[in-house]
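Start at 1 with the first residue, then count along the sequence.
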Amino acid sequence: MSADTPRRIVLLRHAKAEWSETSDHERPLAERGRRDAPVAGRWLAGTGIIPDLTLCSTSLRTRETWKLAVHELPQRPRTVYEERIYEASLGELIALLNETPDDVSDLMLIGHNPGVHALADALSGEAEADLLPRMNRSGFPTSALAVVAFNGSWKAVEHGVGRLIAYWTPQG
């Protein structure tokens, strides 16, 4: 694939989790999260974007979110459960994207705030309509999805490289 290959990054924040006595990593989804995750999957299916690869944090709430969302897609993408996403900084998330093989056109990353919101904001040098201010006003709530498009190699992903082409939250 050439340097002008069109690519998309789909960023999904995990669905609403319960506050429990377990470790943060092992917090399960709350009832609202179990309702919202499939809705997020249906929204993604409606866009026609089916990721070639999904990178999902190893936390219980992200794994449960993906399990519920993926059933709404017409086909299941290859999925890698990546422990480096949990508590990752913006720089660590960009470095992870830079490792993506160039045969991947559409990549999905399922993670946590503040990292997912920071990544969507940092990559979006441009945006359609009012998507960027709307995303930043919302604070990227649970089950929110952002889609950033760019051209080039995954090794070239850096601040401002992309265009925010979609942003969705279950609250509208």
Side-chain angles (χ1 to χ4, degrees), residues 1 3-17 29 32-33 35-57 61-62 65-66 68-70 72-74 77 79 82 85-98 100 102 104-172:
M1 294 193 176
D4 60 348
T5 300
R7 302 186 192 277
R8 291 178 291 201
I9 304 166
V10 178
L11 300 170
L12 171 61
R13 182 178 176 197
H14 65 79
K16 182 73 174 168
L29 290 182
R32 188 178 105 202
R35 282 192 316 267
D36 288 349
V39 177
R42 283 192 293 277
W43 180 86
L44 183 59
T47 68
I49 300 170
I50 306 302
D52 301 309
L53 172 65
T54 296
L55 301 177
C56 182
S57 167
R61 61 193 177 272
T62 51
T65 298
W66 182 229
L68 293 167
V70 74
E72 304 299 326
L73 301 180
T79 301
E82 177 55 67
I85 296 172
Y86 182 73
E87 296 187 338
S89 69
L90 173 59
E92 290 166 332
L93 290 172
I94 290 175
L96 190 60
L97 294 179
N98 292 152
T100 303
D102 275 335
V104 172
S105 294
D106 294 326
L107 173 73
M108 183 170 196
L109 184 142
I110 306 168
H112 311 266
N113 261 2
V116 171
H117 183 195
L119 184 60
D121 186 50
L123 296 179
S124 299
E126 299 177 347
E128 306 263 330
D130 70 337
L131 292 180
L132 196 56
R134 192 163 58 89
M135 179 182 74
N136 288 326
R137 273 193 312 273
S138 79
F140 218 97
T142 54
S143 298
L145 282 149
V147 181
V148 178
F150 74 100
N151 291 332
S153 168
W154 291 103
K155 290 173 183 45
V157 170
E158 61 183 22
H159 288 253
V161 74
R163 178 177 186 81
L164 182 64
I165 61 170
Y167 176 68
W168 176 88
T169 69
Q171 293 79 28

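Residues Ile165 and Glu128 come closest through the heavy atom pair CA-CG, 3.6 Å. Shown here for His112 and Ser57, the closest heavy-atom pair between the two residues is NE2-OG, 2.8 Å. Across all their heavy atoms, Val148 and Leu164 have their closest contact at CG2-CD1, 4.1 Å. Heavy atoms only, all atoms of each residue included: Gly33 and Ala15 are closest at O-CB, 3.4 Å. Smallest separation of non-hydrogen atoms from Thr62 and Gly111: CG2-O, 3.9 Å. Between Leu29 and Arg61 the shortest heavy-atom distance is CD2-O, 3.6 Å.
Without hydrogens or angle criteria, Thr169 side chain to Tyr167 main chain gives no donor-acceptor distance under 3.5 Å. Using modelled atom types, one side-chain atom of Asn113 and one backbone atom of Gly139 make a donor-acceptor pair closer than 3.5 Å. Remark: side-chain polar atoms of Arg7 are paired, donor with acceptor, to backbone N or O of Gly152 under 3.5 angstrom. Counting only distance, with no hydrogens or angles, the side chain of Trp154 and the backbone of Val104 share a donor-acceptor pair below 3.5 Å.
In this structure, the side chains of Leu145 and Leu11 stay at 4.5 Å or more apart for every pair of heavy atoms. Looking only at side-chain heavy atoms (C-beta outward), Leu97 and Leu123 come within less than 4.5 Å of each other. Counting heavy atoms from C-beta on, the side chains of Pro77 and Val70 come closer than 4.5 Å. Residues Leu109 and Glu82 form no side-chain contact, since every pair of their non-hydrogen atoms from C-beta on lies 4.5 Å or further apart. For the pair Gln171 and Pro141, the minimum side-chain heavy-atom distance is below 4.5 Å.
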Only distances under 3.5 Å count here; give the side-chain donor-acceptor pairs of residues 40-56 to other protein atoms, sequence neighbours excluded, each with its distance to 0.1 Å.
| residue | atom | partner | partner atom | Å |
| --- | --- | --- | --- | --- |
| Thr47 | OG1 | Leu44 | O | 2.6 |
| Thr47 | OG1 | Ile49 | N | 3.1 |
| Asp52 | OD2 | Ser105 | N | 2.7 |
| Asp52 | OD2 | Asp106 | N | 2.8 |

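Considering CG of Leu119 and NE2 of His159, their distance stands at 9.0 Å, rounded to 0.5 Å. For the atom pair CD1 (Ile110) and NE2 (His14), the distance works out to 11.0 Å, reported to the nearest 0.5 Å. Atom CG of Leu107 sits about 4.5 Å away from atom OG1 of Thr100, to the nearest 0.5 Å. Note that the CG atom of Asn98 and the CG atom of Leu96 stand 9.0 Å from one another [nearest 0.5 Å].
Sorted by first and then second residue, the salt bridge (charged side-chain N to carboxylate O under 4.0 Å, His left out) pairs involving residues 150-160 (not counting sequence neighbours) form an empty list. Legend: ring pair (Phe, Tyr, Trp, His ring centres under 6.0 Å) pairs involving residues 114-133, not counting sequence neighbours, sorted by first then second residue: His117-Phe140.
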